[in-house]
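Here's the structure, in structure tokens; my notes come after.
Below, each value reflects all heavy atoms present in this structure, side chains not excepted, and no hydrogens, waters or symmetry copies. Naming: A, B, ... by sequence-line order, numbering from 1 per chain.
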Amino acid sequence: MDKQFDASSVEVRWSRRWEELAISHADPASPRPPFTIALPPPNITAPLHMGHAMGGSVQDSLIRHRRMRGYEVEWCPGTDHAAIATNAVIERQLLAEGTSKEAVGREAFQARVDAWYEECGGRIYEQMRRLGFSCDWARSRFTLDAGYVRAIRTVFKALFDQGLIYRGPRIVNWCPHDRSAISDEEVEHIEHQDLLTHLRYPLEGGGDVVVATVRPETMLGDTAVAVNPEDPRHRHLIGRWATLPLTGRRVPVIGDSAVLLDFGTGALKVTPGHDPTDYEIGTRHGLPIISVIAPDGTMDVPELPRFHGLTVERARREVTQALDELGAVVAEEPYVHEVGHCERCHHVVEPLVSEQWWVRMADLAAPAIGAVESGAIRFHPQRYTDFYLGWMRGIRDWCISRQIWLGHAIPVSTCANGHRFAWVEPPSACPSCGSTELRHDPDVLDTWFSSALWPFAIFGWPDETPELSRFYPTEVLTTAREIIFLWVARMIMVGLRFTGSKPFSDVLITSTILARDGSRMSKSRGNVVDPLEIIGRYGADAIRAWAAAVGTSGQDQRFDEERVASFQKFANKIWNVTRLLVSRLGDGESIPSAPSGLPPRALLPEDRWILGRLADTLQAVDQAISQYRFHDAVERLYSAIWQDFCSDYMEIVKVRLEDGVSPPSRAAAAATAVGTLDAMLRLLHPFMPFVTEECAQRLPDAAPSLQLRDWPQLDSGWSDPAHAGEQAAIDELMELVRALRARRQEAGISASDPTRHPVVVRGGGHELSADDRRRVLEALVRVRVVPSADGPAQVIVSGGLEAELHLPSGAGEERLRRQLADLESQAARLHARLSDPGFRDHAPAGVVAGTQQRLDEAARQAEALRRRLGPGV
RNA sequence: GGGCGGAUGGCGCAGCUGGUCAGCGCGUCUCGCUUACACCGAGAAGGCCGCAGGUUCGAGUCCUGCUCCGCCCACCA
């Protein structure tokens, strides 16, 4: 066994082993209770980043834990075709090659896409395996799989037939770059510094009205001027007509309460064709809609050649200038506001009116709101409940059609006689009239429409498959907060409607991983960290434990590579303590499974002590996992293993494990050490799967995999009421150990000095025999415990124990005085608190008693010190 | 404009229901290559928990206000 834990070879070996053992393949016929997670399918647009690595690690921890708890665990992996995002990736590639999708044609484009899915998808699965994810690979799904497509069409057709999907012209968020509509959720608002321009429109019959706008170019499509009917400055204008400069169009002045009194000039130019607010005003007043911007983002005003074909940005300048020439520009003021951008390509979104497919959301939302309000679905952290509910309560219809090449075709056709129908299997004739002259809808679906079906479509829905009935609904959905609206909400709505069950019961929102400087990780910033690189440097266990330590807080987390490194060291520590233990056991030695196989009498106090620590750790870990507080679990295990087991327990029992020691004592130590380490490895396994497997494998009587072992349970043999108080007595002794070490060092005794100076220990209860005390002390600190000694001594008071350490140099009184001063001020503070009648009256009895106890303790120690220091103190 | 989150030793973070909660990792300093581990061991230094009020016998921990950061939502053109 090497001194260094060789993560990479262990990872390769165990990954293969797990697959051979088929531990991750679930059986729908199993009698065990099911536990299912549907892995959020990563977009096949790029390899996984640290956020994916973390989210997946958190899920795998849950998965491994439940497996050990006896569940039939299904963790179904998959990938998402991510239509619009992949479309953008491929278009970018083509652009870089100096060509375009139009130039290469649909077929070649599709071939590029397929090749990309092959390559990128393969890399993603490879990353997941390297991270140690124990997914049910055989059930991997891709959102373009035939079965999945059928599920999508089934849902679409049902919603269509029920009137919940409709088509119609409405104002949409249009991305001129992608040449497609996008949903409200795919628009990101970015601050812009623009000009607010005040324009004067002359009124028929004299006078004028001044409107304010950041988009003067849209005035070419104005069809009204609106003022607030409550506005004393303007309301008398309602009913009059204005004449638009440049176009000469007559537009009415109308009254609408959407116009704000205190913004701009109080008068609003109304462009129903290119502004959502204006569109609604236009709807209310029956205004005509004039489109002046084409889908490619250029001006579409053939009757005005001066502006026709200009980009919107140029048109803005040109129109303003033209208006200025007419004297219509009254003022321009700098103005900061937010402008919508396409989340994918970051181009400015152009609101325009277009025929699209929509999902009516109100009916779908109601049960989805209820499921969360009733607590049937719970968010962790809890604050995301309101986040979700707020959005759901204000939900608007969802634009699901996209005008791109890539994605699921909208399963709707129209026949020559104008019958429009949705289908699941591509039709050859119209179901109404039999016409075979069919025109298929050219649009594709929003990717999130297909994602919404994920938890049940992966199991073969709409067929009643064994997997579906057994593994659905899933249990925990682990995801990032940024897709709560885009994905989580829609899964809940669709799942409830089509399966009658909530798709999951717990939504675990993981932390967001930021770059070291607190900025977002992004390719353009060049600060993206590759999980494989981190694995290469520190091992998969390190990244896994890091994920557990930072992933479940739901907080933003800056990526801290040092933290990952600390877990690599931890893995190495575990490896080495295993080596130590195994080397002391001897080849092929069989150890009775501790501690139940041993007569309790053979256990020494330190054995019972570490078993007590193990019991505490188990309880803490169980509680932490049940609350999704993985950082608590990992931290507890970190200190229990490193400090309690390695630094304390193993150091104490090392000598008992040597050859030639009395057999009962050695057997007890070996059994306790093996039993404790084994249990701790099992507890840690969900968070550090590789090193725990490798180490457990080297212990006597190992199972083929920890995944086939049971989760540790409290064992009555771990604590013995006959030895109550012993635990505390050992803890007290440990404190003395640290005090003795400190004193030795302070006295200038070299760490390498082998001299064991005599020490006399007094006080303490009767839980430990003098032998017990001597054995532990001498194992942990270089002293020799003697019944009595003469000469100058350093005095140490620690808890109820008092020790005289006989060192050659007599220094150290200063330290004693400092300690005494500390104790006195502590005692004074406690005394003051206890003398406060308010405290005595209000604080719970337990707290008062505890305070009293601490005061007594401090007083006793102080007294002992004063005695030692002699008169005059 | 509204909402949410953060502000704790040099850095990155944990502190659940108010009373050993002032802790962890890294870093720093001192001493040690002692046959498990130098990816180590031992010891030490370092924070009045953003600011100002309030509630309470008692507050990083609850309330109010404020200041900076980050994010989300929003039909003020």
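- The gap from the C1' atom of G27(B) to that of G12(B) amounts to 11 Å, rounded to the nearest Å.
- Per the geometry, CD1 belonging to I749(A) stands 15 Å off C1' belonging to U30(B), to the nearest Å.
- Under 4.0 angstrom from either OP1 or OP2 of C24(B) there lies no side-chain N or O belonging to S566(A).
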Exercise. If you write RNA chain B from 5' to 3' in dot-bracket form, with Watson-Crick or G-U pairs under 3.5 Å, [ ] for crossing pairs and | for pairs with another strand, what do you get?
Worked result: (((((((..((((.....[...)))).(((((.......))))).....(((((..]....))))))))))))....
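- In this structure, E651(A) places its CD atom 10 Å from C1' of U34(B), rounding to the nearest Å.
- Of the residues near RNA chain B, D632(A) and L580(A), the one whose nearest nucleotide (by heavy atom distance) lies more toward the 5' end is D632(A).
- The separation between R579(A) atom CZ and C40(B) atom C1' is 12 Å, rounded to whole Å.
- Residue K654(A) contributes atom NZ, which lies 11 Å from atom C1' of C40(B) at whole-angstrom precision.
- The side chain of K3(A) places an N or O atom within less than 4.0 Å of a non-bridging phosphate oxygen (OP1 or OP2) of C37(B).
- In this structure, the nucleotide among C37(B), C13(B), C26(B) sitting nearest to the side chain of K569(A) is C26(B).
- The side chain of S553(A) lies closest to A14(B), out of A14(B), A77(B), A36(B).
- Going from the P atom of U56(B) to that of C63(B) covers 16 Å, rounded to whole Å.
- Side-chain to base pairing of Q4(A) with C39(B): one donor and one acceptor N or O lie within less than 3.5 Å of each other.
- Of the candidates C31(B), C73(B), A14(B), A14(B) carries the atom nearest the Q555(A) side chain, counting heavy atoms from C-beta on.
- Sequence order on RNA chain B of the closest nucleotides to Q623(A) and T265(A) puts Q623(A) first from the 5' end.
- Annotation: U8(B) and G50(B) have their P atoms spaced 6 Å apart (nearest Å).
- Distances were taken from every side-chain heavy atom of A742(A) (C-beta onward) to each of G15(B), A44(B), C37(B); the shortest belongs to A44(B).
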